[in-house]
Amino acid sequence: MKLNTLFSPEKIGNVQIKNRIVRSATYTRKAEKYGIVGNTLIEFYDELAQGGTGLIISEFIGVDPSGTASAYQLRLDNDSFIPGQRKLVEAVHNYPEVKIAAQIAHTGRQGAHPKYPPVAPSPIPDKNTGLTPRELTKPEIEDLIQKFVATGRRAYESGYDMVQLHAAHGYFLSNFISPYTNRRSDNYGGTNENMARILTEIYDGIKDEVGKKFPVIIKLQTQDFVIGGLEPQQGLEIAKILVDKGFEAIEPSGGIGETQIGTKNAYPSRQIKSPEEENYVLPIVKELKPSMKNCKMILMGGIKNPISAEKFLKEGVTDFISLSRPLIYEPNLPNRWMTGDLKPAECRSCNSCYVTVFTGPVYCVVRRRLEKREQRKMK
Ligand SMILES: Cc1cc2nc3c(=O)[nH]c(=O)nc-3n(C[C@H](O)[C@H](O)[C@H](O)COP(=O)(O)O)c2cc1C
């Protein structure tokens, strides 16, 4: 079987992507201390770019020191980070036609930084961190919007092909679009338009700074999987507001830190025991796609099988597919599929990689174990 659609080019805005395979943003914890790009990180992205992915979405990059997950998370909150970021982008652009997006983020309600207490639209205690975030004032929200905009401008100046807002998984921007975490009565809460305002203002701000041609895409929370949280119907209505605004692509996701580990369909699901359970965001994607107009759909979550990916693309269910954990295990996966080895991704969605970033650089525990076994056999 030929994967004609999976390996055909497609555009996001007017940026041409050589195939339909996107690397979904993945925190590697491989930056040097205080968010600086170093050789370890560059080597990691070099390997990814070499592996055949069309568009690499970076790991989440901090817009402000108060919203970072660790000292080893990338930052772009002031201009001094630009030269390092340029080296990262150049390493990817060394491979013909490979594109890279900067994912920009603030940890918001889920921040657990020793120096900066967490902040959020509303002071709702977080059962996962045990902390209650401080409610932001309107001027503080406006200030953080400017920080997202300035980081978008710095991503552009670093040479990134586009920027992705991280508005999922219980982090700052997703806190605004959830009725569980946003109880505000000013113009950043209440109606769907108000809840989405922070996203549309950042979109406008980045476009005003760098011009309309630089695509602004979004990883979008569509379901929280907690009682009183964002449900798919409201998630879809918010997504439509963003389509109308002009966001060039949406990558729907769901689940927050408080979502019980193992909840089906919450990110990153480890309930994938059969091929039927792969592509776990598919129901929402199918509902949203007919309203997408010029906005491109990126289907994410549990994708392992190139034949089903080809089918979804061919049927117009999605424009792109994205992978996170499978590329940690096999950075060369797109090339493997392209050269005719259509075996599904080796990744077992066990989340062992997810656990590694709490204490050190990301790696696939299963792959490392197998490699060690091989080495022992060779001795
Ligand atoms: C180690 C690890 C780090 C992640 N870091 C991010 C991140 O920085 N930003 C983000 O939006 N999602 C992040 N995710 C979620 C993935 O992008 C993706 O949405 C999720 O793993 C489901 O896709 P998959 O089944 O292909 O892994 C991370 C996931 C893992 C396993």
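Computed from a prediction, not measured in an experiment: that's the story for all the values here. Heavy atoms only: backbone and side chains are in, while hydrogens, waters and symmetry mates are out. Remember, it's 1-based here, ligands and their atoms both numbered in the order they're listed. For reference, positions follow the sequence shown, starting with 1.
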- Query: Any luck finding a side-chain donor-acceptor pair between S322 and E251 under 3.5 Å?
  - Reply: yes
- Using non-hydrogen atoms of the residue, decide whether Q164 is closer than 4.0 angstrom to ligand 1. no
- At what distance, to the nearest 0.5 angstrom, does CG of N182 lie from CD1 of I177? 10.0 Å
- Query: Near C353, which atoms of ligand 1 are under 4.0 Å from a heavy atom of that residue?
  - Reply: 1 (C), 31 (C)
- Message: If the cut-off is 4.0 Å to any non-hydrogen atom of Q103, which atoms of ligand 1 fall inside it?
- Response: 7 (C), 8 (O), 9 (N), 10 (C), 11 (O)
- Message: Treating R109 as the side-chain partner and I124 as the backbone partner, does any N or O pair qualify as donor plus acceptor under 3.5 Å?
- Response: yes
- Item | Sub-4.0 Å atoms of ligand 1 with respect to non-hydrogen atoms of L323 | 26 (O)
- At what distance is the nearest protein heavy atom to atom 15 (C) of ligand 1, and which residue and atom is it? Y267 CD1, 3.6 Å
- Message: Under a 3.5 Å cutoff, is there a donor and acceptor pairing between the side chains of E59 and Y45?
- Response: yes
- Evaluating non-hydrogen atoms only, which member of A69, A25, G301 is closest to atom 23 (O) of ligand 1? G301
- Under a heavy-atom criterion of less than 4.0 Å, does S349 contact ligand 1? no
- Message: Check this for me, if you would: do E47 and R23 make a salt bridge, where the nitrogen-to-carboxylate-oxygen distance has to be below 4.0 angstrom?
- Response: no
- Counting from 1 in the order shown, the ligand 1 atoms closer than 4.0 Å to a non-hydrogen atom of M300 are 19 (O)
- Query: Which atoms of ligand 1 have any heavy atom of S24 under 4.0 Å away?
  - Reply: 17 (O), 18 (C), 19 (O)
- Item | Nearest-contact summary for atom 27 (O) of ligand 1 - protein heavy atom, Å | R325 NE, 2.7 Å
- Does ligand 1 have any atom that is closer than 4.0 Å to a heavy atom of A168? no
